[in-house]
Amino acid sequence: MIEARHLRVLRAVAATGSFSAAARELGCTQPAVSQQMKALEGAAGTPLLIRSGREMRLTEAGRALVRHATGILAGLTAAEEEVAAIAGLRSGRVRLVSFPSGSSTLVPMALAEMRAAHPGTRVSLVEAEPPGSVEMLRSGDCEIVLAFRYPQMGADAEAASGGGGEWDDLVLRPLLNDRLVGVVPEGHELAGAGAVGIAELAGEPWIAGCPRCRGHLVEVCESAGFTPRIDFATDDYPTVVGLVGAGLGVAVLPELALESVRTKGATTLEVEPAVRREVVALTLPDLARVPAVAATLDRLERAARR
């Protein structure tokens with residue numbers, strides 16, 4: 001196998017015309033240069049130099065190898081510089097996938113800090129809900145996923161898979177526990193209650209969110225002794241609040257989602273018993289060691305603590 005260090009020696013010998021001069025240029029000994037050239041000729045399977053007294057000339061194969069060595073070594077140097085830049089966070093990219101309420105609350109602060117600290121690292125954002133977003137990570141379509149899961153649903157997934165959690169193959173960075181709150185129209189009889197048991201809303205029409213949130217809503221309601229009548233389902237949180245504000249039903253939403261939504265016409269209530277979802281950042285084990293990915297995870301964690 002031809003090695004880059006052998007090509008550097010060959011190029012130095014060709015440029016200086018002797019082993020001793022090449023040794024001085026490379027900062028090594030003449031025997032070391034002779035040994036490297038012997039190894040290179042062995043790897044090439046043909047003589048590369050013709051030695052005649054003090055004169056040293058390249059064979060046809062030697063000239064061809066020197067010609068290619070220039071491009072190979074230049075490309076290798078460029079590759080080394082690019083890798084060093086990525087390792088030093090002077091360049092590179094991170095593809096982030098987040099669910100909408102995370103995109104509007106945690107992500108902006110984290111990305112602003114990344115840009116300020118590492119302007120050469122580009123972070124892009126695409127929105128998707130779990131579990132689809134997690135599959136994007138596993139298939140190589142992104143480097144980090146901002147995801148969530150509900151405790152009972154996580155336990156069900158673990159039981160269904162024979163004891164292994166749904167994210168056991170991933171690196172998980174916990175961010176926060178997001179409390180769910182009830183949302184009712186301002187004119188609702190429970191609007192001033194401050195807190196409400198989920199069973200008190202059994203007879204109401206419901207507005208549900210994404211498929212995972214919808215499934216969890218049904219689980220919570222059924223554990224309270226009723227099946228919710230879901231009249232509307234939408235992934236868009238402002239639409240949920242708008243429908244509630246118009247008096248078309250009630251909803252349970254993550255507190256994080258309400259941080260960036262106007263609650264005009266609607267009132268929020270604490271839900272009892274308390275229900276929370278786990279918000280996390282996920283990546284693959286090998287990606288977790290990439291400096292730009294690790295730095296982005298750190299910024300997401302800092303944003304969640306504020």
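Count residues from 1 along the sequence. Treat the numbers as computed from the prediction; the structure is a model and nothing was measured.
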Going from CD on E255 to CG on L176, what distance comes out if it is rounded to the nearest 0.5 angstrom?
-> 10.0 Å
Do other residues, nucleotides or ligands put more than 12 heavy atoms under 6.0 Å from R138 CZ?
-> yes
Inter-residue atom distance R95.CZ - L125.CG, 0.5 Å rounding = 13.0 Å
By salt bridge (Lys or Arg N to Asp or Glu O under 4.0 Å), R8 pairs with (sequence neighbours left out) none
R214 side chain to G209 backbone, donor-acceptor under 3.5 Å | yes
Kindly write out the residues that satisfy salt bridge (Lys or Arg N to Asp or Glu O under 4.0 Å) with D236, not counting sequence neighbours, or none if the list is empty.
-> none
Between the side chain of S98 and the main-chain N/O of S103, is any donor-acceptor distance below 3.5 Å?
-> yes
Donor-acceptor pair, E41 side chain versus L48 backbone, under 3.5 Å?
-> yes
Reference residue L170; test side chain to side chain contact (heavy atoms under 4.5 Å, CB included); the match among V134, V280, V145 | V134
Only counting residues at least two apart or in another chain, list the ones meeting ring-ring contact (aromatic ring centres under 6.0 Å, His included) with F99.
-> F148
The side chain to side chain contact (heavy atoms under 4.5 Å, CB included) partners of A87 (sequence neighbours excluded) come to none
Give a yes or no on whether R179 atom CZ has more than 12 heavy-atom contacts from other residues, nucleotides or ligands under 6.0 Å away.
-> yes
Results of side chain to side chain contact (heavy atoms under 4.5 Å, CB included) for L7 - residues two or more places apart only | I2, L65, A69, I72, L73
Between R212 and E129, is there a salt bridge with N-O shorter than 4.0 Å?
-> no
OG1 on T105 to CG on L256, rounded to 0.5 Å | 3.5 Å
Is any side-chain heavy atom of V97 closer than 4.5 Å to a side-chain heavy atom of I144?
-> no
Step by step, work out the salt bridge (charged side-chain N to carboxylate O under 4.0 Å, His left out) result for E113 and R306.
-> CA-CA 13 Å; E113 287 194 358; R306 294 179 179 175; 2.8 Å; yes
Out of curiosity, I198 CD1 to E272 CD, how far, rounded to the nearest 0.5 Å?
-> 11.0 Å
Using the test side chain to side chain contact (heavy atoms under 4.5 Å, CB included), find all partners of A288 that sit at least two apart in sequence or belong to another chain.
-> V171, T283
Look up atom CE in M114 and atom CG in D298, then write down how far apart they are to the nearest 0.5 Å.
-> 9.5 Å
Would a distance-only check, ignoring hydrogens and angles, find a side-chain to backbone donor-acceptor pair under 3.5 Å from R122 to R93?
-> no
More than 12 heavy atoms from other groups under 6.0 Å of CD on E3 = yes
Non-hydrogen atoms of Y237 and V261 that approach each other most closely = CB-CG2, 4.2 Å
From Q35 atom CD to H6 atom NE2, the distance as rounded to the nearest 0.5 Å | 8.5 Å
